[in-house]
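This report refers to the structure that appears directly beneath it.
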Amino acid sequence: MPTSSASTTDSARSATGGVQSLERAFDLLERMADAGGEVGLSELSASSGLPLPTIHRLMRTLVACGYVRQQPNRRYALGPRLIRLGESASRLLGTWARPHLARLVEETGETANMALLDGDEIVYVAQVPSKHSMRMFTEVGRRVLPHSTGVGKALLADFPADEVRALLGRTGMPAATEKTITTPDGFIAALEEVRRQGYAIDDNEQEIGVRCLAVSVPNSPTAAAISISGPAGRVTEAATDRMVPLLQQVAAELSEALLTSNGNGNGNPAA
């Protein structure tokens with residue numbers, strides 16, 4: 001009886017030395033996420049280039065494990081078991097970011113935060129507070145709408161305008177303060193300014209008396225941004241000129257830490 005070659009099976013090793021079936025399964029999950037969380041097999045085949053039988057076999061396995069579920073319309077959706085993995089990963093992401101946030105606090109004197117875009121909301125995953133007696137505090141795990149925050153602007157500046165408008169249509173644009181941007185056109189214009197200057201500002205838009213400076217973390221595995229926030233009397237225009245280059249530098253260093261190994265070759269992000 002002929003034996004199947006290891007190079008032609010799903011258990012074959014890939015060019016990177018990994019297991020090909022695992023790489024393909026994770027690629028399909030990411031493609032599902034990019035498509036909004038629900039897709040058909042033909043869509044996955046078209047986007048991935050894999051044959052339908054291979055995709056069907058992989059999806060059956062993911063369904064059996066609870067990472068994907070099949071809908072009544074026979075399309076496939078991301079499964080609830082991924083939620084626990086995502087929550088744990090978010091906590092670890094915050095842990096890895098803390099040393100970088102601590103550097104921001106040490107050099108600027110203001111509170112430093114890290115936030116992710118989770119669905120249509122901003123969720124704060126890490127914070128290092130200022131040492132000042134008057135300081136900003138945002139509870140880790142807090143969720144806010146993106147249109148009134150510096151981190152929200154920094155994150156959405158990388159998105160196409162039609163996707164931003166669709167998000168704003170789903171969330172609405174309630175005013176947190178009298179300075180909150182409450183129209184899609186106004187927010188799109190603000191995002192253009194973020195792209196032009198390379199950073200975002202929340203100028204009394206989430207809370208009166210508070211200014212926040214934010215930048216996205218480039219090439220982050222998930223959409224992430226870091227920020228510094230403090231009283232408007234300290235986070236002045238002059239302070240902005242000093243703080244923004246540091247914020248951009250730390251974001252680049254955090255990006256490298258998330259994407260590279262910690263120096264011992266095991267692929268874990270640097271602490």
Side-chain angles (χ1 to χ4, degrees), residues 1-93 115-123 125 141 143-147 152 155-156 158-173 184 188 216 219-224 258-259 267:
M1 241 181 117
T3 58
S4 60
S5 168
S7 63
T8 60
T9 67
D10 278 344
S11 60
R13 289 193 175 276
S14 71
T16 63
V19 178
Q20 189 178 69
S21 58
L22 283 175
E23 291 182 353
R24 287 175 169 178
F26 283 118
D27 178 65
L28 293 179
L29 290 173
E30 291 191 4
R31 290 178 187 276
M32 292 178 71
D34 290 342
E38 182 179 318
V39 295
L41 292 183
S42 59
E43 295 170 58
L44 284 175
S45 179
S47 65
S48 69
L50 293 175
L52 277 172
T54 298
I55 292 177
H56 190 259
R57 185 166 58 250
L58 291 169
M59 295 301 280
R60 276 207 318 261
T61 301
L62 291 170
V63 168
C65 293
Y67 297 120
V68 169
R69 63 186 300 173
Q70 189 170 21
Q71 305 288 68
N73 61 5
R74 302 196 62 77
R75 289 166 66 83
Y76 289 86
L78 296 176
R81 197 168 183 186
L82 290 170
I83 296 173
R84 181 169 64 90
L85 299 182
E87 289 175 344
S88 297
S90 292
R91 287 193 295 270
L92 285 173
L93 190 62
L116 308 180
L117 183 64
D118 184 21
D120 291 344
E121 297 178 316
I122 298 297
V123 57
V125 297
R143 291 175 174 270
V144 296
L145 297 181
H147 71 283
L155 288 168
L156 292 181
D158 296 328
F159 283 61
D162 58 342
E163 292 186 19
V164 175
R165 289 182 184 277
L167 182 152
L168 296 175
R170 293 189 296 268
T171 63
M173 301 183 70
I188 294 296
S216 62
N219 303 313
S220 174
T222 187
L258 294 175
L259 294 173

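Counting begins at 1 with the first residue of the sequence.
Heavy-atom minimum distance, L58 versus A25: CD1-N, 4.3 Å. Taking both residues in full, the closest heavy atoms of S216 and D158 are given as OG-OD2, 3.6 Å, listed atom of the first, atom of the second, then distance. Y76 approaches M32 most closely through the heavy-atom pair O-CE, 3.4 Å.
With sequence neighbours left out, P53 forms a side-chain contact (heavy atoms from CB on, under 4.5 Å) with P51. A search for salt bridge (charged side-chain N to carboxylate O under 4.0 Å, His left out) contacts involving R143 returns D118, E121, not counting sequence neighbours. Scanning for salt bridge (charged side-chain N to carboxylate O under 4.0 Å, His left out) contacts around D27 gives R31, with sequence neighbours left out.
To the nearest 0.5 Å, atom CG of residue L156 and atom NE2 of residue H147 are 11.0 Å apart. Distance check: T61 OG1 to H56 NE2 gives 10.5 Å after rounding to the nearest 0.5 Å. The distance from the CD1 atom of I122 to the CG atom of L117 is 5.0 Å, given to the nearest 0.5 Å. How far OG1 of T54 is from CG of L41: 11.5 Å, rounded to the nearest 0.5 Å. Here L50 contributes atom CG and L44 contributes atom CG; the two are 9.0 Å apart, rounded to the nearest 0.5 Å. The CG atom of L62 sits 11.5 Å away from atom CD1 of I55, with the distance rounded to the nearest 0.5 Å.
The stretch residues 70-80 participates, sequence neighbours left out, in these salt bridge (charged side-chain N to carboxylate O under 4.0 Å, His left out) pairs: E38-R75, E43-R75. For residues 159-173, the set of pairs meeting the side-chain hydrogen bond (donor to acceptor under 3.5 Å, both in side chains) definition, not counting sequence neighbours, comprises D120-R170, R165-D185. Screening residues 61-70 for salt bridge (charged side-chain N to carboxylate O under 4.0 Å, His left out) gives no qualifying pairs among residues at least two apart or on separate chains.
Residues L155 and P146 form no side-chain contact, since every pair of their non-hydrogen atoms from C-beta on lies 4.5 Å or further apart.
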